[in-house]
2 protein chains.
Amino acid sequence: MKIATWNVNSIRTRLQHVVDWLIQNPIDVLCMQETKVIDDNFPRSPFEELGYHIYLSGQKSYNGVAIVSLQPLQNISTSFTSILPEVSPEFDEQKRVITGVINGMRIVNLYVPNGSAVGSEKYEYKLRWLAMLREYLQTLLASTPNICMCGDFNIALEDKDIHEKANPENHIMASEPERQALRDILTLGFADAFRKFTSEGGYYSWWDYRAASFRRNLGWRIDHHYLTPNLYELAKSCTIDIVPRKLTQPSDHVPVILEL
Amino acid sequence: MKIATWNVNSIRTRLQHVVDWLIQNPIDVLCMQETKVIDDNFPRSPFEELGYHIYLSGQKSYNGVAIVSLQPLQNISTSFTSILPEVSPEFDEQKRVITGVINGMRIVNLYVPNGSAVGSEKYEYKLRWLAMLREYLQTLLASTPNICMCGDFNIALEDKDIHEKANPENHIMASEPERQALRDILTLGFADAFRKFTSEGGYYSWWDYRAASFRRNLGWRIDHHYLTPNLYELAKSCTIDIVPRKLTQPSDHVPVILEL
DNA sequence: GTCCTGGTGG
DNA sequence: CCACCAGGAC
């Protein structure tokens, strides 16, 4: 089966790109981020016409995550507090997580905070959010040991995931505290599916809209699939499809496809 | 020769429609209104590639007029105060007039204020603007007796220029003070080119974007060519091309074409 | 650069 | 309904 993750940067603006891509690419589960729409206004029918079940956690303007799946998902959850009652309700105000179970595997679709600039208030929120996420995943793992966690992590763990013109040191999405927070999560038992198949750098999933970044290939690999051991063993491929970034009015991110 | 007037409602948004229309329609002079762009940002090259000279009086966001002409124009003017030094400078803040001479004929391209609602401050401005326009034209006529005045007048002079569902009485664009102000201008020696050839009603040049007005043909004829006697005699046809209103993302106005 | 909102203008 | 802006986010 194929599980893809794609930060679509507004599902309403990108609807035709996403639908066309799904028609061209046989995807079982598509995890989207930055849908930027409340659930009532999500464009359901184009996905339903392709046979997808739809699971949503959206808000106005910002954030918002969605999963569309050919098979139905069980045990959907869209909040942190329902899994971790003691956690601050601030983490559920922004819609950044949706999870459900398919074939005994839990899919966790995440939109990690961007963090703005190192040292900013939003940066501190990102680090607190990642610490909270660790607790959340620990709880989930206790009941479902097989987890495919994917989404826009807004973190590049290695310098080879970042184009050469950037200086990763103290850069948002590359700073050591962010990387450490993500590594602390992975030590729960997750591994990067992409790195099972590809060890070289120069593969990117996001290019800033500004400064002609895509034309100059100044990208970052910040969209990931992290798998628990059994799933990692099963992984058959993990690839980045840069074609949709070449269309007119593209998302700044491209889809990453995991095959299990 | 053919002289067309078209309120394009943003030349940048409508560029492809206008260029395609010019390629399909052999127009010598196109007068545009509501270009909504400062002169530095006007998309010059598509017109230049078609062989047009370009004359501009634009502003940010609102209003803005332009003439493109296969032959060059002489004696361009884009202000009221330069013709009528005693007039209030408020009338030059909004870019609503551009005029130039071709073959001894002066073309005056106008975007008359909309007036918002009868009795409003904008309505009073419209009436003052029209009174000022009369003086302006009187001055122009003294040096150039042959004038083709065209543009978006935001006035329908007769009830048959307005769809049946509207109640013209005290309606903006149809109120008696507006009509009288326009008639006072026409008594300087102008006649409606369209009415030389067509006496029936039901011909419209503008349909509101709202309420599916075009589909229901709830239109108004508010875009006109007014000609001085010699030119009126020479007029060969005056037609409205509603085809561009059927395209996707159309202007709410369509071109009106005068043939001399 | 491209997206969103909320506001104005029509 | 459609276009513009400013301001914020990324």
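Within every chain, numbering begins at 1; the chains are lettered A, B, ... in the order of the sequence lines, protein sequences first and strands thereafter.
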*Asks:* Nucleotides 5-8 of chain C: which of its N/O atoms have a protein N/O under 3.5 Å away?
*Replies:*
from: C:dG6; atom 1: OP1; to: A:Lys60; atom 2: NZ; distance (Å): 3.0

*Asks:* What salt bridge (charged side-chain N to carboxylate O under 4.0 Å, His left out) pairs are there with at least one residue in residues 6-21 of chain A, not counting sequence neighbours?
*Replies:*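 Residue pairs passing salt bridge (charged side-chain N to carboxylate O under 4.0 Å, His left out), neighbours aside: none found.
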*Asks:* In whole angstroms, how far is the C1' atom of C:dG9 from the CG atom of B:Asn154?
*Replies:*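 Rounding to the nearest Å, CG of B:Asn154 and C1' of C:dG9 are 12 Å apart.
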*Asks:* Within a radius of less than 6.0 Å around CD of B:Glu158, do more than 12 heavy atoms belonging to other residues, nucleotides or ligands occur?
*Replies:*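 Correct, the count exceeds 12.
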*Asks:* Would you say the rings of A:Trp220 and A:His171 are close, in the sense that their centroids are separated by under 6.0 Å?
*Replies:*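 Yes, the ring of A:His171 comes within the 6.0 Å limit of the ring of A:Trp220, centre to centre.
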*Asks:* So, using side chain to side chain donor-acceptor pair (under 3.5 Å) as the criterion, who are the partners of B:Tyr52 when residues are at least two apart?
*Replies:*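 Partners of B:Tyr52 under the side chain to side chain donor-acceptor pair (under 3.5 Å) test: none.
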*Asks:* Would you check if A:Asn109 and A:Tyr55 make a side-chain contact, meaning some heavy-atom pair closer than 4.5 Å?
*Replies:*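 No, every pair of side-chain atoms sits at 4.5 Å or beyond.
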*Asks:* Got a sec, which residues hit ring-ring contact (aromatic ring centres under 6.0 Å, His included) with A:Phe214, two or more places apart in sequence or on another chain?
*Replies:*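 ring-ring contact (aromatic ring centres under 6.0 Å, His included) check on A:Phe214 returns A:Trp207.
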*Asks:* Of the residues in residues 247-257 of chain B, which ones touch DNA chain C at a heavy-atom distance under 4.0 Å?
*Replies:*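 Contacting residues: none.
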*Asks:* C:dG10, OP1 or OP2 - any side-chain N/O from B:Ser116 closer than 4.0 Å?
*Replies:*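 No, outside the criterion.
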*Asks:* When the distance from OH of B:Tyr111 to P of C:dG9 is rounded to whole Å, what number comes out?
*Replies:*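 In whole Å, C:dG9 P and B:Tyr111 OH are 12 Å from each other.
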*Asks:* List for me each residue that meets side chain to side chain donor-acceptor pair (under 3.5 Å) alongside B:Ser79, sequence neighbours excluded, and say none if there are none.
*Replies:*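 Applying side chain to side chain donor-acceptor pair (under 3.5 Å) to B:Ser79 gives B:Ser82.
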*Asks:* Looking at residues 208-224 of chain A, who's got a heavy atom less than 4.0 Å off DNA chain C?
*Replies:*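 Here the set is A:Tyr209, A:Arg210.
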*Asks:* Can you tell me how far C1' of C:dG10 sits from CZ of B:Arg96, to the nearest Å?
*Replies:*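 Roughly 11 Å, once rounded to whole Å.
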*Asks:* Quickly work out the A:His17 NE2 to C:dC3 P distance and round it to whole Å.
*Replies:*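 Spelled out: NE2 on A:His17 to P on C:dC3 is 9 Å.
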*Asks:* Quick one: A:Trp207 CH2 to C:dC3 C1', roughly how many Å, whole number?
*Replies:*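 In whole Å, C:dC3 C1' and A:Trp207 CH2 are 19 Å from each other.
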*Asks:* C:dG10 P sits how many Å from B:Lys126 NZ, rounded?
*Replies:*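 Checked: the NZ to P distance equals 10 Å.
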*Asks:* First contact, last contact: which nucleotides of DNA chain D are these for chain A, 5' to 3', heavy-atom distance under 4.0 Å?
*Replies:*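 Listed 5' to 3', the contact boundaries are D:dA9 to D:dC10.
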*Asks:* For B:Tyr136, which residues count as a ring-ring contact (aromatic ring centres under 6.0 Å, His included) partner, sequence neighbours excluded?
*Replies:*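 Counting only residues at least two positions away or on another chain, B:Tyr136 forms a ring-ring contact (aromatic ring centres under 6.0 Å, His included) with B:Phe80.
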*Asks:* Could you tell me the separation between the CG atom of B:Asn9 and the P atom of C:dG10, rounded to a whole number of Å?
*Replies:*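 Nearest whole value for this atom pair: 11 Å.
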*Asks:* Of B:Asp152, B:Asp161, B:Asp159, which meets salt bridge (charged side-chain N to carboxylate O under 4.0 Å, His left out) against B:Arg221?
*Replies:*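 The salt bridge (charged side-chain N to carboxylate O under 4.0 Å, His left out) with B:Arg221 is passed solely by B:Asp161 among B:Asp152, B:Asp161, B:Asp159.
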*Asks:* Please list, chain by chain and in numerical order, all residues satisfying side chain to side chain donor-acceptor pair (under 3.5 Å) with B:Glu90, sequence neighbours excluded.
*Replies:*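 For B:Glu90 the side chain to side chain donor-acceptor pair (under 3.5 Å) partners, ignoring immediate neighbours, are B:Arg128.
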*Asks:* Consider only side-chain N and O atoms of A:Tyr62 and A:Gln94, and report whether a donor and an acceptor are under 3.5 Å apart.
*Replies:*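 No, no side-chain donor-acceptor pair sits under 3.5 Å.
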*Asks:* Taking distance alone, no hydrogens or angles, what donor-acceptor pairs closer than 3.5 Å link side-chain atoms of residues 42-50 of chain B to residues at least two apart or in another chain?
*Replies:*
from: B:Arg44; atom 1: NE; to: B:Glu48; atom 2: OE2; distance (Å): 3.2

*Asks:* Could you pull out all residues at least two apart from B:Ser213 that satisfy side chain to side chain donor-acceptor pair (under 3.5 Å)?
*Replies:*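 B:Ser213: no side chain to side chain donor-acceptor pair (under 3.5 Å) contacts found.
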